[in-house]
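Just so you know, residue 1 is the first one in the sequence shown, and it goes up from there.
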Amino acid sequence: MPILSFSHAGVQRLDVPPTALPEQGFLWWQLTRAEAEADWAGFAAQLQAWQLNPPIELHQQDLTNAQHPSHYDYTSEYDLVIFRRMWLEHEAVHSAGVRRSGPAALKRIRTQAVGFLMYDRLLVTVHGEQCATAQESLRRFSLESARRPTSPADLMLRITNTMVDSYLELRKVLATQLDHWQTELLDPRTRFVNWRALLAARNDLHALEDVCEEQHD
């Protein structure tokens with residue numbers, strides 16, 4: 001459960017939670033979903049040691065639910081954001097000459113919730129074991145040369161922006177899949193039967209484009 005301390009002096013990775021939140025700057029505490037579920041009492045006790053109210057039971061359930069849809073809620077002390085992350089699961093290298101079927105590409109798309117718990121001087125993220133975005137953000141902000149976020153809200157926005165940018169890869173895959181099917185459709189020597197998959201891919205592609213446009217706006 002990595003903890004990064006952001007301050008004017010730089011970024012410091014902490015091996016153990018500090019006794020108090022920084023007077024200037026903030027902390028980023030990363031938890032995997034398994035860690036949060038295994039020791040929620042210890043997590044809540046640490047928040048209380050920092051004089052923060054732990055999340056209410058409903059928000060605890062939200063943070064530990066891997067299938068939770070994107071969601072926002074708040075209390076007088078913290079904000080809760082659930083962001084439905086999407087990524088492309090890379091396939092193992094296939095033997096030469098083996099042709100992959102069209103629909104199989106769509107089956108590589110995976111989604112999972114990432115939870116953000118934001119206090120004034122603390123950001124907690126709860127994510128899956130293999131969350132590449134969280135791992136890359138941790139590596140990037142650990143570097144002294146990186147432009148440091150100035151607040152928990154700034155950090156959360158940067159992480160979610162990275163997740164939205166990953167939709168571009170998915171859009172490329174879906175666009176390639178559509179080109180493949182449309183080529184088959186125009187080929188008089190083939191019998192195209194994947195109409196339902198074609199329509200679903202078109203809908204998914206339009207949905208991804210809408211998300212990217214909303215984020216840039």
**Study point:** Distance, nearest 0.5 Å, that separates CG of Asn65 from CD of Gln60
**Key:** 12.0 Å
Check your understanding: Under a single-linkage definition using a 4.5 Å side-chain heavy-atom cutoff for Ile, Leu, Val, Met, Phe, Trp and Tyr, are Val16 and Trp29 assigned to the same hydrophobic cluster?
Key -> no
Point to revise | Leu52 and Leu21, any side-chain heavy atoms less than 4.5 Å apart | key: yes
Study note, to complete from the structure: Rounded to the nearest 0.5 Å, the NE2 atom of His71 sits from the CG atom of Leu80 at a distance of 6.0 Å
Practice item. Please report the shortest heavy-atom distance between Arg148 and Arg158, naming the atom on each side. Key: O-NH2, 3.2 Å
Check your understanding: Closest heavy-atom contact between Asp154 and Pro149?
Key -> OD2-CA, 3.2 Å
**Study point:** Check: Thr75 and Asn53 side chains under 4.5 Å, non-hydrogen atoms
**Key:** no
Point to revise | Flag if over 12 foreign heavy atoms under 6.0 Å of CG, Asp120 | key: no
Practice item. Please examine the side chains of Val124 and Leu31, heavy atoms only from C-beta on, and report whether any two atoms are closer than 4.5 Å. Key: yes
Revision key, fill the gap. Only one of Leu123, Thr150, Thr160 passes side chain to side chain contact (heavy atoms under 4.5 Å, CB included) with Leu155, and that residue is Leu123
**Study point:** Nearest-0.5 Å distance that lies between atom OG1 in Thr125 and atom CE in Met156
**Key:** 11.5 Å
Practice item. Mark yes or no for whether Arg33, through its side chain, and Ala113, through its backbone, hold a donor-acceptor pair below 3.5 Å. Key: yes
Check your understanding: Of all heavy-atom pairs between Tyr78 and Pro55, which one has the smallest distance, and what is that distance?
Key -> OH-CA, 3.3 Å
Point to revise | Atom pair CZ/CD of Phe83 and Gln112 - distance to nearest 0.5 Å | key: 13.5 Å
Point to revise | Closest contact, heavy atoms only, Pro17 versus Gln46 | key: CB-OE1, 3.5 Å
Practice item. Write down the atom of Ile82, the atom of Gly115, and the distance for their closest heavy-atom approach. Key: CD1-CA, 3.8 Å
Check your understanding: Could you walk me through whether Leu63 and Phe43 pass the side chain to side chain contact (heavy atoms under 4.5 Å, CB included) check?
Key -> CA-CA 13 Å; Leu63 289 167; Phe43 168 65; 5.6 Å; no
Review point. Roughly how far, to the nearest 0.5 Å, is CD of Glu35 from NE2 of His127?
Key: 8.0 Å
Check your understanding: Is the Tyr119-Trp50 ring centre distance short of 6.0 angstrom?
Key -> no
Exercise for review: Check Pro54 against Leu47 and note the closest heavy-atom contact, atom names and distance.
Suggested key: CA-CD1, 3.8 Å
Practice item. Would you check if the side chain of Arg84 reaches a backbone N or O of Gln67 as a donor-acceptor pair within less than 3.5 Å? Key: yes
Revision key, fill the gap. Distance col, row Ser7:OG vs Gln24:CD, nearest 0.5 angstrom, shows 9.0 Å
